[in-house]
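Letters A, B, ... mirror the listed sequences (proteins, then strands); counts begin at 1.
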Number of protein chains: 2
Amino acid sequence: MAEEKLHEAIDAMKNSGVRITPQRHAILEHLIQSMSHPTADEIYKSLEGKFPNMSVATVYNNLRVFKEIGLVKELTYGDSSSRFDCVTTDHYHIICDDCGKIVDFHYPGLDEVETLAEQVTGFRVGDHRMEIYGKCPDCQKSKH
Amino acid sequence: MAEEKLHEAIDAMKNSGVRITPQRHAILEHLIQSMSHPTADEIYKSLEGKFPNMSVATVYNNLRVFKEIGLVKELTYGDSSSRFDCVTTDHYHIICDDCGKIVDFHYPGLDEVETLAEQVTGFRVGDHRMEIYGKCPDCQKSKH
DNA sequence: ACACTATTTATAAACATTACAAAGTAAGAA
DNA sequence: TTCTTACTTTGTAATGTTTATAAATAGTGT
Ligand SMILES: [Mn+2]
Ligand SMILES: [Mn+2]
Ligand SMILES: [Zn+2]
Ligand SMILES: [Zn+2]
């Protein structure tokens with residue numbers, strides 16, 4: 001399943017004329033296998049073992065390339081650094097205020113809100129984003 | 001109306017034991033009168049004339065103070081710098097992809113989504129955020 | 001006026017991200 | 001396979017926003 005997704009991603013790169021380098025392969029693999037929403041630096045650190053000489057700029061460069069060909073989405077929250085999501089199908093996120101955990105969460109698109117916004121503001125709507133904030137089950141248990 | 005809002009803000013500061021300084025007064029006044037969502041640096045630059053010696057740190061410090069006593073909200077988008085909103089009643093924003101314009105937009109809270117997310121994820125939900133992206137009327141006209 | 005504390009200022013530091021140039025490499029052509 | 005070339009990686013410097021720090025300043029209550 002993850003294997004399959006990686007192959008699809010590599011095909012997408014070939015079709016876009018983007019070269020497949022060992023670094024790109026590893027970054028994609030990490031994104032797909034981790035099943036999380038890592039920061040550029042987390043990816044960089046997780047690949048230190050395999051690529052002791054890889055530059056952090058390479059991670060940033062390639063995440064941008066992946067974004068451009070639609071392989072990943074960038075998630076920008078208030079905190080310092082962006083996170084990256086290789087699940088590009090529409091979904092929302094719910095985020096723990098205490099520990100920062102990010103969990104995927106599906107819901108039909110908010111078409112009504114988009115339509116109303118279009119009517120009220122005169123904008124031509126293209127997209128929207130939504131996140132929900134709260135306390136995750138683990139953090140609810142700890143009596144802090 | 002803006003005058004009134006400023007007075008309310010000053011009262012809130014008094015009640016919170018926060019001193020009223022000329023800088024704080026000016027920052028609040030700018031936030032209220034501009035009717036926009038300025039960055040810290042935009043506020044800083046707009047007050048250069050009146051306060052040639054004001055430090056940019058003062059702007060950041062005071063925006064944090066205002067946030068703590070609930071006078072402003074910080075808006076963090078993907079781009080580099082935070083924006084600040086002195087309208088603290090619940091509302092959403094629609095943002096132009098081309099020129100960055102931010103327009104307020106009212107809609108009943110998305111209670112359904114919050115409830116569903118709570119059930120599906122086990123999180124205890126506290127809050128949510130949503131923005132809509134599109135092309136503003138002005139940018140639609142220009143044939144770029 | 002005095003004392004006390006909050007605030008401002010100037011500056012340096014932190015941090016994520018991008019820019020740049022030189023060295024290295026993937027991929028197609030010969 | 002070897003060659004060629006444009007793309008990629010690397011190392012480092014630069015950028016831009018925000019925070020930390022310490023000394024100077026200014027509100028506030030006595
Ligand atoms: Mn996700
Ligand atoms: Mn607003
Ligand atoms: Zn948590
Ligand atoms: Zn616009």
Side-chain angles (χ1 to χ4, degrees), chain A residues 9-30 37-69 71-84 100, chain B residues 9-30 37-69 71-84 100:
Chain A
I10 288 173
D11 283 345
M13 289 171 69
K14 281 180 183 161
N15 293 338
S16 309
V18 171
R19 288 186 186 166
I20 292 135
T21 66
Q23 293 88 340
R24 282 180 178 162
H25 192 282
I27 293 169
L28 271 177
E29 197 172 41
H30 176 83
H37 304 82
T39 63
D41 201 60
E42 282 166 5
I43 296 171
Y44 172 65
K45 285 191 166 52
S46 80
L47 298 178
E48 262 182 344
K50 216 178 283 183
F51 295 87
N53 296 320
M54 183 166 63
S55 167
V56 71
T58 299
V59 178
Y60 280 100
N61 287 342
N62 288 328
L63 287 170
R64 181 173 347 122
V65 170
F66 296 158
K67 232 173 49 179
E68 281 164 6
I69 62 179
L71 285 181
V72 306
K73 283 186 175 171
E74 184 173 2
L75 312 177
T76 56
Y77 301 122
D79 64 346
S80 37
S81 41
S82 287
R83 299 186 162 273
F84 295 86
Chain B
I10 288 172
D11 284 345
M13 289 172 70
K14 281 180 182 161
N15 293 337
S16 308
V18 171
R19 288 185 186 164
I20 293 134
T21 66
Q23 292 90 340
R24 282 181 178 161
H25 191 281
I27 293 169
L28 271 177
E29 196 173 41
H30 176 82
H37 304 83
T39 63
D41 202 59
E42 282 167 6
I43 297 171
Y44 172 64
K45 286 193 165 51
S46 81
L47 298 178
E48 263 182 343
K50 217 179 286 185
F51 296 86
N53 296 319
M54 183 166 64
S55 166
V56 71
T58 299
V59 179
Y60 280 101
N61 287 340
N62 289 329
L63 286 169
R64 182 171 350 120
V65 169
F66 296 158
K67 231 171 53 178
E68 281 163 5
I69 62 179
L71 285 181
V72 307
K73 283 186 175 171
E74 185 174 1
L75 312 177
T76 56
Y77 301 123
D79 63 346
S80 40
S81 40
S82 288
R83 299 185 162 274
F84 295 87

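- Note that CD of A:E74 is 10.0 Å distant from OG of A:S81, once rounded to the nearest 0.5 Å.
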Output a table of donor-acceptor pairs, distance under 3.5 Å, between side-chain atoms of residues 37-46 of chain B and any protein atom two or more places apart or on a different chain; print 'none' if there are none.
unit_1	atom_1	unit_2	atom_2	d
B:H37	NE2	B:D85	OD2	3.2
B:H37	NE2	B:H93	NE2	3.2
B:H37	NE2	B:D104	OD1	3.0
B:T39	OG1	B:E42	N	3.0
B:D41	OD2	B:K45	NZ	2.7
B:E42	OE1	B:T39	N	3.1
B:S46	OG	B:H30	ND1	3.1
B:S46	OG	B:I43	O	2.9

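- Residues passing the side-chain hydrogen bond (donor to acceptor under 3.5 Å, both in side chains) test with B:R83, sequence neighbours excluded: none.
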Output side-chain donor-acceptor pairs under 3.5 Å for residues 11-19 of chain B, partner residues at least two apart or in another chain, one line each.
unit_1	atom_1	unit_2	atom_2	d
B:N15	ND2	B:D11	O	3.4
B:S16	OG	B:A12	O	2.8

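- Taking A:E68 as the reference, nothing meets the side-chain hydrogen bond (donor to acceptor under 3.5 Å, both in side chains) condition, with sequence neighbours excluded.
- Within residues 12-19 of chain B, the residues that have a heavy atom under 4.0 Å from DNA chain D are, in order of number, B:R19.
- Protein atom CE of B:M54 is 16 Å distant from nucleotide atom P of C:dT7, rounded to whole Å.
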With sugar-phosphate taken as primed atoms, P, OP1 and OP2 and all else as base, the protein-contact string of nucleotides 13-20 of chain C at under 4.0 Å (heavy atoms; B, S, -) is ---SSBB-
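- Evaluation of the side-chain hydrogen bond (donor to acceptor under 3.5 Å, both in side chains) rule for A:N61 yields no partner, not counting sequence neighbours.
- Under the salt bridge (charged side-chain N to carboxylate O under 4.0 Å, His left out) criterion, the residue pairs touching residues 46-59 of chain B are B:E29-B:K50, with sequence neighbours excluded.
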Tell me which donor-acceptor pairs under 3.5 Å the side chains of residues 51-60 of chain B have, and how far apart each pair is, sequence neighbours excluded?
unit_1	atom_1	unit_2	atom_2	d
B:S55	OG	B:A57	N	3.0

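- To the nearest 0.5 Å, the span separating CZ on A:R24 from CG on A:L63 amounts to 11.0 Å.
- When rounded to the nearest whole Å, the span between CD of B:E68 and C1' of C:dT7 equals 14 Å.
- Taking 4.0 Å as the cutoff to heavy atoms of chain A, we find the contact window on DNA chain D bounded by D:dA6 to D:dG11.
- One interatomic measurement links the two molecules: CG of B:N62 to P of C:dT7, which rounds to 8 Å at whole-angstrom precision.
- Axis angle across the helix from C:dA1-D:dT30 to C:dA30-D:dT1, with five pairs used at each end and values rounded to 10°: 30°.
- Here the NE2-CD1 distance, from A:H25 to A:I20, works out to 8.5 Å after rounding to the nearest 0.5 Å.
- Rounding to the nearest 0.5 Å gives a distance of 11.0 Å between CG of B:L71 and CG of B:N62.
- Listed here is the closest heavy atom pair of B:T76 and B:S82: CG2-OG, 3.5 Å.
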